[in-house]
Protein chains: 2
Amino acid sequence: MAVKEPKPTINDVARIAGVSKKTVSRVINNSPLLNTATREKVEAVIAELGYVPNPQARALALRRNFLIGLIHDNPNAQTVLSVQEGMLDAMKGTEFALVVRPVDRKSPRLLSDIRHFIEQQRLYGVYVLPPVSENEDFACLCKELGCHYVRMGSARLDDEAHLVESNDREAVRDAVTYLIGLGHQRIAHLAGPAGFRSAYEREQGLREALTAAGLDLPEAGFARGNYTFESGYQAAQALLRAEPRPTAIFVANDEMAAGALHVAREMGIDVPQDLSIVGFDDTPIAAHIWPPLTTVRWPIRAMAKAAAHKLIRPDQAAEQTAFFRSEFVIRASTAPAAS
Amino acid sequence: MAVKEPKPTINDVARIAGVSKKTVSRVINNSPLLNTATREKVEAVIAELGYVPNPQARALALRRNFLIGLIHDNPNAQTVLSVQEGMLDAMKGTEFALVVRPVDRKSPRLLSDIRHFIEQQRLYGVYVLPPVSENEDFACLCKELGCHYVRMGSARLDDEAHLVESNDREAVRDAVTYLIGLGHQRIAHLAGPAGFRSAYEREQGLREALTAAGLDLPEAGFARGNYTFESGYQAAQALLRAEPRPTAIFVANDEMAAGALHVAREMGIDVPQDLSIVGFDDTPIAAHIWPPLTTVRWPIRAMAKAAAHKLIRPDQAAEQTAFFRSEFVIRASTAPAAS
DNA sequence: TTGTAAGCGTTATCAA
DNA sequence: TTGATAACGCTTACAA
């Protein structure tokens, strides 16, 4: 096992193959105008030496690098990991690598932290998750830094080249319409945090469905959490103490829905017999709690893959789709309203 | 908003400040032998221009870079994310960035994939999670490539400079001893996948506790999963159909424990009244399912932070602790054995 | 089709 | 305490 012997460079390859470095460079970069014999000779030497081009030297000469960043401040761990997997799907087989960076959206230094991150590594591009992606200043910053970016959003935040968008509002409308079809008349809403576009869109979807059915959303039927289990647990208590009690709750994400489920159990309310609960996200937790959660499957992984594609090929970004449909998944946490 | 104007280089700073680039370089690198006046003059120009040193050029000149990789093939999403957070904790304020890379441990190309990853980005160091970390060839590979590494493990896999280790066996022994103290005599085990050192250590911990109490583990009281919810769900069915039925199960991780909980519910077995369940990991899911899971808190985040520290300062790696204690967390999924 | 020379932005060497 | 010059490993002109 050889230890720390200096790695071969393009010069070593050139010398041993008896060609110039430029020729080796051409081999590496698959230049079309190359004699087959020369190419094979050089490739043989490359293989023999185990030569791998130095990415930093390449980056310097090309005045660009092959690093793509993921910027997020997402309270939901599973979301973040699915995003990473989706991005890496797209980057597999390319020379790109994924650099991750959680940020604190509430910090006054948010923007300067992001600036620092992008500048320090001279990132080629970044994918940004909500709610940071909803910040217009962020987009300006990327343009200023000459860094490609794609934003994830629940609405038309940007042009197609810089956006992957999901149809949250519509998907929620369908889900709530389903609840109404089950005979539910008192449908409460456990919303996401104020300032999250996704929270707003999901709330609007619910309101639209209620309005279309001639139902309303009383004050006591509305509560807010911040997308975490604990906040869902807190908010659901208020909701379930209301009189008359709602027969169904649409919760803005699965993790809060799991919290609501806990509350119901503690209060002796049977789900779905006495209360239907619908979540949003379809994180693994949705299928693993009891009863398995009816929810909306958010195609975050596909969105992340598409975003990475746009970042790898910014020139083609505008042609690739930016729109993704969520899918309603019916499991066991919903049932017809008790009569 | 300026767009794509070329970024200032060290030459610009030198020219404007009226010094040589080497002097600017000295300022950047906090060289002690520098006139205060000179330093301040240069710093002013740097601030004015918004100059940020090009990391690729630095990497080339220094013949090293500031990228640390995370290599994992971990079925548990939360574990991976906690690890990332722990590493980033340690890297905060440094010039290091975190590059992530999931691998497929079953692939015949595992080692060559890892080699490719390390070589392609010329990583400075990597942190590797089980079970890949248990592979001796991997350590050899890193040495061959001259890449620093730290392995995470449930046993003494390597020397202290290259390891962060948790005391799984001991922690499980304590947990199972607690079950025995509650009066349980028929304790089953839902083990992790064969070939995982963590699975082995946890199983041994259980066996040691049983032996110490004069209990045994019948064939029917042992099943295996692969650390996923689904596999736990499958394996628990076999365990709970055994006659006589166990009164407690120690499950090798939380996610499988959640699966076991599902089975119990479907079979009408009350937890913890008729069956106690103990998990391992203390992932968020443990607190969010019903009943909240008694489990062992694995200090993965602290371990990751320590690992990143070792990678950032390999020269001090051996002096920093490599040993971490797990902690038993009693929640509501355990109760005295029914008499 | 291949080679030469120059340059990318930084740090190291060594002299002043 | 500073600066000139030569690396670092690669690519892009531009020639040959």
Side-chain angles (χ1 to χ4, degrees), chain A residues 4-43 45-46 49-67 95 119-124 145-146, chain B residues 4-43 45-46 49-67 95 119-124 145-146:
Chain A
K4 292 249 186 199
E5 55 190 9
K7 303 195 175 69
T9 74
I10 198 171
N11 291 305
D12 300 322
V13 177
R15 185 169 30 77
I16 295 176
V19 298
S20 74
K21 347 192 275 191
K22 181 64 227 186
T23 300
V24 178
S25 173
R26 289 198 177 94
V27 172
I28 297 169
N29 294 287
N30 286 309
S31 164
L33 24 75
L34 252 187
N35 192 316
T36 313
T38 318
R39 152 162 288 130
E40 282 169 358
K41 183 173 58 180
V42 173
E43 277 171 347
V45 176
I46 288 179
L49 259 50
Y51 166 70
V52 179
N54 180 318
Q56 277 78 35
R58 242 164 94 68
L60 183 57
L62 288 168
R63 257 158 273 141
R64 59 159 292 192
N65 67 19
F66 294 88
L67 296 177
E95 52 197 327
E119 283 186 326
Q120 179 168 279
Q121 295 295 332
R122 289 280 209 279
L123 297 183
Y124 185 69
L145 297 177
Chain B
K4 294 250 184 197
E5 54 190 9
K7 304 195 174 68
T9 74
I10 199 171
N11 290 305
D12 301 322
V13 176
R15 186 170 29 78
I16 296 175
V19 298
S20 74
K21 30 191 236 188
K22 181 65 223 183
T23 300
V24 178
S25 172
R26 289 196 177 95
V27 172
I28 297 169
N29 294 286
N30 286 308
S31 162
L33 24 74
L34 251 187
N35 192 317
T36 313
T38 317
R39 152 162 290 130
E40 283 168 358
K41 185 174 56 180
V42 173
E43 277 171 347
V45 176
I46 288 179
L49 259 48
Y51 166 69
V52 179
N54 180 317
Q56 278 77 35
R58 243 163 94 66
L60 182 58
L62 288 168
R63 258 156 278 150
R64 60 158 290 193
N65 67 18
F66 295 89
L67 296 178
E95 51 197 324
E119 283 187 325
Q120 179 168 280
Q121 296 295 331
R122 288 281 208 278
L123 297 183
Y124 184 70
L145 297 176

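Reminder, nothing fancy here: chain letters follow the sequence lines and each chain counts from 1. No hydrogens, no waters, no symmetry mates; every other heavy atom, side chains included, goes into these values.
- Taking only side-chain nitrogens and oxygens, T38(B) comes nearer than 4.0 Å to OP1 or OP2 of dT2(D).
- Note that R122(B) lies outside the cation-pi zone of Y124(B), set by a 6.0 Å cut-off to the ring centre and a 45° limit from the axis.
- Within the 4.5 Å cutoff, no side-chain heavy atoms of Q56(B) are placed close to those of L60(B).
- Distance CG (N65(B)) to P (dT10(C)): 16 Å, rounded to an integer number of Å.
- With contacts defined as side-chain heavy-atom distances shorter than 4.5 Å, the pair R26(A)/V42(A) does not qualify.
- One interatomic measurement links the two molecules: CD of E40(A) to C1' of dT2(C), which rounds to 17 Å at whole-angstrom precision.
- Annotation: proximity of residues 55-64 of chain A to DNA chain C (heavy atom, distance under 4.0 Å) is found for L60(A), A61(A), R63(A), numbered in ascending order.
- Note: NZ (K21(A)) to P (dT2(C)) measures 18 Å, nearest angstrom.
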query = Passes side chain to side chain contact (heavy atoms under 4.5 Å, CB included), Y51(A) versus V45(A)? Steps please.
reply = CA-CA 8 Å; Y51(A) 166 70; V45(A) 176; over 6 Å; no
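- Taking only side-chain atoms of L34(B), from C-beta outward, the nucleotide of dT10(C), dT2(C), dT2(D) with the closest atom is dT2(D).
- Look at CZ on R26(A): it is 11 Å from C1' on dA13(D), rounded to the nearest Å.
- Of the side-chain N and O atoms in S20(B), none sit less than 4.0 angstrom from OP1 or OP2 of dA4(D).
- In this structure, K41(B) NZ and I16(B) CD1 are separated by 13.0 Å, a value rounded to the nearest 0.5 Å.
- As a whole-Å value, the separation of K22(B) NZ from dG9(C) C1' is 13 Å.
- For the pair V52(A) and R39(B), nearest-nucleotide mapping onto DNA chain D gives the more 5' position to R39(B).
- As rounded to whole Å, 5 Å separates atom P of dT11(D) from atom CD1 of I10(A).
- Residue N11(B) places none of its side-chain N or O atoms closer than 4.0 Å to OP1 or OP2 of dG9(C).
- For the pair I28(A) CD1 and dT12(D) P, the interatomic distance rounds to 11 Å; values are reported in whole Å.
- Per the geometry, CG belonging to L49(A) stands 15 Å off C1' belonging to dG9(D), to the nearest Å.
- With respect to R58(A) and E95(A), a salt bridge is recorded, a charged nitrogen being found less than 4.0 Å from a carboxylate O.
- V27(B) is listed as a side-chain neighbour of L34(B), based on a closest heavy-atom distance under 4.5 Å.
- Phosphate proximity of dC8(C) to N54(B): absent, as no side-chain N or O sits under 4.0 Å from OP1 or OP2.
- Under 4.0 angstrom from either OP1 or OP2 of dG3(D) there lies at least one side-chain N or O belonging to T23(B).
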